[in-house]
Amino acid sequence: MTASLLTDSLRKRAALAGRLLAWYDRNRRDLPWRAGPGESVDPYRVWLSEIMLQQTTVATVTSYFADFTNRWPTVEALASAELDAVLHAWQGLGYYARARNLHACAKRVTTQFGGRFPASEAELATLPGVGPYTAAAIAAIAFGQAATPVDGNIARVMARLCAIEIPLPAARSEAGRLAARLTPKERPGDFAQAMMDLGATVCTPRRPACALCPWIDACNARSLGRAEEFPRRPAKRARPLRHGVIFWTERTDGSVLVQRRPESGLLGGMAEFPSTDWREEPWTDAEARRAAPVAIRWRRLPGTIEHGFTHFRLELTVWSGRIDSHPAAILGNARWCEAGALSGLALPTLMRKVARHAMEHSGETGT
DNA sequence: TATACGTGGTT
DNA sequence: TAACCAAGTAT
């Protein structure tokens, strides 16, 4: 018997929710940000985990979450940190606007709300970096409000349960409307987490384990034999390939030229090595020399750095140059960083690849 | 509504 | 291997 959430009785919907909660109680995963039995929920940890988990896997988040909560056990502690320290701790996690908003949000909660996160979905949604999903998730999980977050898991579970034919991203709001009809007054936070766990472990994007699903008899997509076809997705656009030249500028004392990226946009606020623009047209050697941060003898290192961003792929050529003493004319906002201090910089993964490549090839002859 | 925004793991 | 995918938000 399949579910029809718009016409099913309240009792039938409550039974469906109850079955999922029972499944959750049997299969509950112990995650570091979840309160253990008898522990009270800490809104700070819920919020921090939800921000980290945006578009990021549990496996990746775990070590960052442990590091952040060790260094900054409270929202006030995080608010007191320097932005650069937060960016440094966030390096490698990606989507760096999250780190900037995290810091801004901690300050807002500390100054505007006296260190207590607001409990309502509407107030939560006014905080930097907190959108509709995160506001609902915190309200439900940390404050027991009957809110219905819709993440990718929940959208997929609902799209299958109700065979939503509308393609993403519009399917998301439809999924939210339907999921709200299932959300129980009791344990709304557990219900949301149960939906997400179900999506993450059973109702997976590919090859869902329907035999293990507490909703197998209610699932419309399953009854149609089309579970894997939901949610419908629009065709993806190809990611263009962009090219750039990046300059590894070494002083005779071993220092390297670095600079800070603009506060917003790609890798905003993170450290980088001076580089050309990243464009689709490859750079000629002559163009690269003209774009170099200082007029010295450069050599092009063998090989390239390849890196994938969300909306384009990047191929960087690394050029290496050595310079004596203190050149009068450089820089812009660039500065020298001692070799041993590189690890103290907030370097995104791309720039770590560049540094590793440059150091591996230092001493070789370029082509 | 559409696009910008990282990275690592899986298939 | 290239594509796909992940507990989304800001603009």
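Quick note on labels: first sequence line is chain A, next is B, and so on, each numbered from 1.
C:dA7 and C:dA3: their C1' atoms are spaced 22 Å apart (whole Å). B:dG6 and C:dT11 have their P atoms separated by 14 Å, with the value rounded to a whole Å.
Taking the six-membered ring for Trp and the full ring otherwise, the centers of A:H311 and A:F309 sit at least 6.0 Å from each other. For A:Y64 and A:W90, the ring centers are positioned 6.0 Å apart or more.
Residue A:R98 places none of its side-chain N or O atoms closer than 4.0 Å to OP1 or OP2 of B:dG6.
A salt bridge links A:R279 with A:E287: the closest approach of a Lys/Arg side-chain nitrogen to an acidic carboxylate oxygen falls below 4.0 angstrom.
Judged purely by distance below 3.5 Å, without hydrogens or angles, the side chains of A:Y133 and A:E50 pair a donor atom with an acceptor atom.
Looking at heavy-atom distances under 4.0 Å, A:L93 makes contact with a base. Nucleic acid contact class of A:G92 (heavy atoms, under 4.0 Å, all strands): sugar-phosphate only.
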**OP:** For each nucleotide in nucleotides 1-9 of chain C, reading 5' to 3', give B when a protein heavy atom comes within less than 4.0 Å of its base, S when such contact involves only the sugar-phosphate, and - otherwise.
**Re:** ----SBBBS
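Using bins of under 30°, 30° to 60° and over 60° for the plane-to-plane angle, the ring pair A:Y44/A:W47 lands in the tilted bin.
Formation of a donor-acceptor pair under 3.5 Å by the A:R100 side chain with backbone atoms of A:S264 is not found in this model.
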